Amino acid sequence: SQQGEEDPQALSIQEGENATMNCSYKTSINNLQWYRQNSGRGLVHLILIRSNEREKHSGRLRVTLDTSKKSSSLLITASRAADTASYFCATDLDSGAGSYQLTFGKGTKLSVIP
Amino acid sequence: GEEVAQTPKHLVRGEGQKAKLYCAPIKGHSYVFWYQQVLKNEFKFLISFQNENVFDETGMPKERFSAKCLPNSPCSLEIQATKLEDSAVYFCASSQSGGNTEAFFGQGTRLTVV
């Protein structure tokens with residue numbers, strides 16, 4: 001079953017604006033990863049945030065993690081048309097079994113209008 | 001190599017035929033994962049390997065699906081007697097170690113069963 005649920009399902013913004021996507025999950029995690037998928041292409045890894053971290057930055061990306069609320073957000077600042085893609089969160093569950101499999105949400109489809 | 005290489009990019013099979021997909025993980029990565037993406041959003045974990053050994057096969061359909069990672073060969077995912085519902089994009093990912101490390105994905109193989 002899908003652990004992460006992204007919100008919103010779709011987001012349309014103007015170039016230059018900020019985009020915020022949220023992800024909620026249900027059980028304890030070791031880490032949470034954000035990926036980007038351009039149409040018809042593979043997944044590009046964006047950021048990994050561990051369960052003991054609260055915030056990470058990478059360029060124009062900022063990820064927060066709130067383990068008490070079981071949620072994460074991805075902020076893209078000063079968006080560009082090239083940021084148009086689907087964004088997925090994926091959790092590595094702390095199941096104790098050491099599986100390391102990722103459980104994906106259904107994604108947020110971001111459209112950045114030039 | 002520096003990226004996960006999947007072949008072929010596209011595969012068309014008649015219902016009942018066999019399909020075999022290949023994945024070369026990033027050199028030095030010990031873990032390989034296979035995921036199935038249906039309808040451009042939902043990802044389903046299939047199986048993972050630690051080197052040549054099956055690590056977690058809880059997502060593999062019991063019948064028709066098999067996978068291997070043999071030394072000095074690309075990993076493979078084989079589907080016997082394909083069904084229409086097997087049509088999906090199959091992604092392979094590799095990571096350096098299992099936990100709390102980024103998983104890097106290939107470009108996927110699009111399987112169409114007709």
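Chain letters run A, B, ... following the sequence lines, proteins first, then strands; residues in each count from 1. These figures come from a predicted structure and were not determined experimentally.
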Heavy-atom contact with chain B under 4.5 Å, split by part of [X]:
X: L43(A); answer: both
X: L102(A); answer: both
X: Q101(A); answer: both

Is the shortest heavy-atom distance from the side chain of [X] to the side chain of [Y] under 4.5 Å?
X: R13(B); Y: L111(B); value: yes
X: K44(B); Y: L46(B); value: yes
X: R36(A); Y: S86(A); value: no

Which pairs, with at least one residue in residues 30-39 of chain B and sequence neighbours excluded, count as a salt bridge (charged side-chain N to carboxylate O under 4.0 Å, His left out)?
-> none

Set of residues satisfying salt bridge (Lys or Arg N to Asp or Glu O under 4.0 Å) with respect to E55(A), sequence neighbours excluded = R62(A)

Checking heavy atoms, do the side chain of T58(B), its backbone, both or neither come under 4.5 Å from chain A?
-> side chain

Cut-off 4.5 Å, heavy atoms of chain A, and the answer for Q37(B) is side chain

Counting heavy-atom pairs under 4.5 Å with chain A, the top scorer among Q50(B), E102(B), R110(B) is E102(B)

